[in-house]
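Data first, discussion second: the structure below is written as structure tokens.
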Amino acid sequence: MPTRTLVKHALDATAPADAILLQGWVRTRRDAKAFSFIEVNDGSCLKGIQVIANATLPNYAAEIARAHTGAAIEVRGQLVPSQGQGQKWEVIAESFTIIGEADATYPLQKKGHTLEFLREIAHLRPRSNLFGAVFRVRSRLAYAVHQFFQERNFFYVHTPIITASDAEGAGDMFRVTTLDLAHPPMTEDGQVDATKDFFGKKTFLTVSGQLEGEIFAHALSNIYTFGPTFRAENSNTSRHAAEFWMIEPEVAFCDLEGDMTLAEEFVKYLIRDARTHCAADLEFFAKFVDKDLLARLDFVLEKPFVRCSYTEAVEILAQSGKTWEHPVAWGANLQAEHERYLTEEHFKCPVTVYNYPRAIKAFYMRQTDGCAPERQTVAAMDLLVPGIGEIIGGSQREERLDQLRAGMALHHLDEKAYWWYLDLRRYGTVPHAGFGLGFERMLMFVTGVANIRDVIPFARTPGTADF
RNA sequence: UGCCCGGUAGCUCAGUGGCAGAGCAGGUGACUGUUAAUCACUUGGUCGCUGGUUCGAUCCCAGCCCGGGCAGCCA
């Protein structure tokens, strides 16, 4: 009894095989008078393998019609060089069994479907060519994330999903509670009594593991997190999800310069890894999703990323001769149209913008030394890529206690809530830096897929949490 | 959240103030080492929902629901 052969391995065979076992799902079937061609796919790779089922098989007459698109099937037979054009190997069935039927209501057809339709059948879309390819690349890149950091002596830290920090400044948070919403316990002054909640206080889903990551960077030196992150913002765009995966390295004894270098090496590593290990899937994207994909990925690999200070960026934008929907002025945040212009038109390559105005950035970012009082900046950086915009946001953190407290005062934060964060600056503080990479945005860039809902298995966006 | 576009067969779409259309999918048959096979025939409809205008609304109007695009927020 042969063990199962994955379609990927059968297609890569170097010699015929007398007895192999294939298990997978029927993609298409073409009937001839004396036999049928059945294309079987098992998800191990983009392509399926062609199976020839002769009409002489004992169950052929009774069962071949049940081998619809979508049916699960098991085939035993010989792997032989194909007599036809279009494939190197095929399998002559010595037996076939319908394991699980799929009737005519099976929604996936041989012809193309819109991405919008496929989103509505998220339980079946991984069986399509496009989504099979997307999720194979996703798996590979998740592996490459660990490989990149482990090779560089970073430790993987599991920061909490549930957090009591409610003002990290990264966005609106989802409340986590076990209280009865219809009859919550109340305090004497008519407020919901959070002390009666599961954790004895208000808790939320995390918007970032950064602050906890800093704790571990102050012990293990180089760390990274990689996990789900939640934002309760009513964002309805192709680049935002309420639940997404983020990678956040944090490095002790590191400044903004080192942070930018790490970010650039990381992005290039992931692209190179996909280019090497997901070649067939990327070619599929280049053919059906984005014709320029491979050229753009290779271009990004070859060119050093441009580094441009916020102040320089504002000058470039002001002198571009363009009319902006959002005005360009020092002190205002760069808008999507500005970021797109910088990376897509002016520099035509990934751009790291750094040293942003202090007032528009988070409290923990390090104040730049020696800048003019009216133009104070912090050591923040955003990596912008063509087609997507911001893919990474990071900074050197404020390691000086007094400056950190001043930053908290500027942002009206309560020091008591951050006592442990301030302790890091009291006991063995060091310059340190880190960044956050949106895993789905990276996948969008690598695959050319334009909507974040199509690079995450089950998208959570405002109003939608199906499956 | 704001602005814009859309919702007609299982899918992709056309269309009209007066009998609801095509291609694909499905079904039947033919043909073929086929490749999103091909050819012939064929089944299939609450025209998103509610209300309004009208002799008559899928079509015009309003509200709502759903999907999408862009913007803001950010990764």
Side-chain angles (χ1 to χ4, degrees), chain A residues 27-39 47-54 65 68-70 80 82-87 90 92 102-121 124 128-129 168-172 207-210 228-248 263 267 288 324-326 332-340 360-362 380 382-385 388-394 435-445 450-456 461-464 466:
Chain A
R27 277 297 174 79
T28 85
R29 192 185 88 234
R30 296 175 291 275
D31 294 334
K33 184 161 277 178
F35 53 88
S36 291
F37 297 106
I38 307 171
E39 189 186 327
K47 294 187 68 153
I49 192 162
Q50 175 162 287
V51 171
I52 287 86
N54 279 301
H68 266 121
T69 299
V80 298
S82 178
Q83 294 172 36
Q85 304 296 308
Q87 60 277 317
E90 64 189 15
I92 309 292
D103 69 16
T105 63
Y106 183 64
L108 288 175
Q109 299 174 4
K110 296 175 211 174
K111 295 210 171 185
H113 290 294
T114 60
L115 295 173
E116 291 79 9
F117 172 68
L118 291 168
R119 270 172 221 150
E120 293 169 5
I121 50 168
L124 298 174
S128 67
N129 283 333
E168 289 164 11
D172 294 331
V207 293
S208 166
Q210 179 201 316
T229 308
F230 307 88
R231 304 278 166 90
E233 272 145 19
N234 194 8
S235 297
N236 290 288
T237 82
S238 55
R239 309 182 307 284
H240 291 84
E243 176 183 307
F244 62 100
W245 283 60
M246 188 155 64
I247 297 128
E248 297 179 286
V267 166
F288 292 105
W324 304 108
E325 192 182 327
H326 299 89
N333 223 330
L334 298 183
Q335 303 298 323
E337 57 174 338
H338 307 138
E339 296 182 340
R340 267 206 311 276
I360 57 171
K361 287 292 180 181
D382 283 353
L383 175 56
L384 315 175
V385 297
I388 298 183
E390 183 177 344
I391 196 168
I392 280 179
F435 61 80
L437 171 93
F439 189 51
E440 284 76 18
R441 289 190 181 174
M442 188 68 209
L443 282 165
M444 290 167 72
F445 188 71
N451 196 309
I452 197 167
R453 298 172 181 89
D454 299 324
V455 294
I456 189 163
T461 51
T464 305
D466 298 327

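To find a chain, count down the sequence lines: A is the first, B the second, and so on, and within it residues start at 1.
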(request) Could you summarise the pairing of RNA chain B as dot-bracket text, marking Watson-Crick and G-U pairs under 3.5 Å with ( ) or [ ] inside the strand and | across strands? (result) (((((((..((((....[..)))).(((((.......))))).....(((((..]....))))))))))))....

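- When rounded to the nearest whole Å, the span between CZ of A/R340 and C1' of B/G69 equals 12 Å.
- Across A/I388 and A/F445, no two heavy atoms sit closer than the pair CD1-N, 3.2 Å.
- Formation of a donor-acceptor pair under 3.5 Å by the A/Q335 side chain with backbone atoms of A/N333 is found in this model.
- Between A/T114 and B/U12 there is a side-chain N or O to OP1 or OP2 distance below 4.0 Å.
- Contacts of A/R27 with the nucleic acid, taken as non-hydrogen atoms under 4.0 Å apart, are absent.
- Between A/H68 and the phosphate of B/G27, there is a side-chain N or O to OP1/OP2 separation shorter than 4.0 Å.
- A 4.5 Å side-chain heavy-atom check between A/N451 and A/L115 finds every atom pair outside the cut-off.
- Between the P atom of B/A71 and the CD atom of A/E233 lies a distance of 16 Å, rounded to the nearest Å.
- What you find for A/E233 and A/P462 is that their closest heavy atoms are O-CG, 4.0 Å.
- Not a single donor-acceptor pair, N or O on each side, falls under 3.5 Å between the base of B/C74 and the side chain of A/S235.
- Counting to the nearest Å, the C1' atom of B/C24 and the OH atom of A/Y106 are 17 Å from each other.
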(request) Report, as a single string ordered 5' to 3', how protein heavy atoms within less than 4.0 Å touch nucleotides 4-9 of chain B: B base, S sugar-phosphate only, - not at all. (result) ------

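- In textbook terms, a nucleotide whose glycosidic angle is within 90° of 0 is syn, while B/C65, being further out, is anti.
- Taking atom P on both nucleotides, B/G67 is separated from B/G26 by 29 Å, rounded to a whole Å.
- Across all strands shown, A/A241 has heavy atoms under 4.0 Å from base atoms, whether or not it also approaches the sugar-phosphate.
- A/I391 has its CD1 atom 13 Å from the C1' atom of B/C74, to the nearest Å.
- Listed nucleotides B/U12, B/A71, B/G26 differ in distance to A/F117; the shortest reach to its side chain belongs to B/U12.
- Across B/G68 and B/C60, the matching P atoms stand 24 Å from one another, rounded to whole Å.
- Taking atom P on both nucleotides, B/G23 is separated from B/C39 by 11 Å, rounded to a whole Å.
- Using C1' as the reference atom, B/U12 and B/G56 are 32 Å apart when rounded to the nearest Å.
- Spacing of C1' atoms, B/A30 relative to B/G69, comes out at 47 Å, to the nearest Å.
- Position along RNA chain B of the nearest nucleotide to A/D382 versus A/R119 favours A/R119 as the more 5'-ward residue.
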(request) Starting from the C-alpha separation in whole Å, work towards a yes-or-no answer on side-chain contact (heavy atoms from CB on, under 4.5 Å) for A/I456 and A/L443. (result) CA-CA 9 Å; A/I456 189 163; A/L443 282 165; over 6 Å; no

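- Distances shorter than 4.0 Å separate some side-chain N or O of A/N451 from OP1 or OP2 on B/G69.
- The aromatic rings of A/F37 and A/F35 sit perpendicular to each other, their planes meeting at more than 60°, with 30° as the lower class boundary.
- As rounded to the nearest Å, B/C55 and B/G10 have P atoms that lie 34 Å from one another.
- A/G393 approaches A/D382 most closely through the heavy-atom pair CA-OD1, 3.5 Å.
- If you take CD1 of A/I121 and P of B/G10, they are 14 Å apart, rounded to a whole angstrom.
- When the P atom is compared between B/G44 and B/U28, the two are found 16 Å apart, to the nearest whole Å.
- Closest to the side chain of A/Q335, out of B/G68, B/G26, B/G72, is B/G72.
- Mapping A/G438 and A/R453 onto RNA chain B by nearest heavy atom places A/R453 at the nucleotide closer to the 5' end.
- The minimum heavy-atom distance between A/I392 and A/A263, with the atom names listed, is CD1-CB, 3.9 Å.
- Taking atom C1' in both B/U50 and B/C11, one finds a spacing of 28 Å when rounded to whole Å.
- Look at CG on A/L118: it is 13 Å from P on B/G68, rounded to the nearest Å.
- Side-chain contact check for A/E90 versus A/V80: some heavy-atom pair is nearer than 4.5 Å.
- Of the candidates B/G26, B/A75, B/C70, the closest approach to any side-chain atom of A/H240 belongs to B/A75.
- Contact of the A/R231 side chain with the A/F244 side chain is registered, since non-hydrogen atoms from C-beta on lie closer than 4.5 Å.
- Taking 4.0 angstrom as the limit, A/R239 places none of its side-chain polar atoms (N or O) nearer than this to OP1 or OP2 of B/C70.
- Within the 4.5 Å cutoff, the side chain of A/L383 has no heavy atoms near those of the A/L437 side chain.
- With contacts defined as side-chain heavy-atom distances shorter than 4.5 Å, the pair A/M442/A/I391 qualifies.
- Nearest heavy atoms, A/R239 versus A/I452: O-CD1, 3.5 Å.
- A/T229 has no side-chain polar atom (N or O) that falls below the 4.0 Å cut-off from OP1 or OP2 of B/A75.
- No side-chain heavy atom of A/Q210 sits under 4.5 Å from any side-chain heavy atom of A/M246.
- No side-chain donor-acceptor contact under 3.5 Å links A/T229 to the backbone of A/V207.
- Rounded to an integer number of Å, the gap from A/E440 CD to B/A75 C1' is 9 Å.
- For A/T464, a side-chain nitrogen or oxygen approaches OP1 or OP2 of B/G67 to under 4.0 Å.
- We find that CD of A/E325 is positioned 11 Å from C1' of B/G2, with the value rounded to whole Å.
- One N or O donor and one acceptor, one from the side chain of A/Q109 and one from the base of B/G10, sit under 3.5 Å apart.
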(message) Using a 4.0 Å heavy-atom cut-off to protein, can you give one letter per nucleotide of nucleotides 31-42 of chain B, 5' to 3': B if the base is in contact, S if only the sugar-phosphate is, - if neither?
(response) SBBBBBS-----

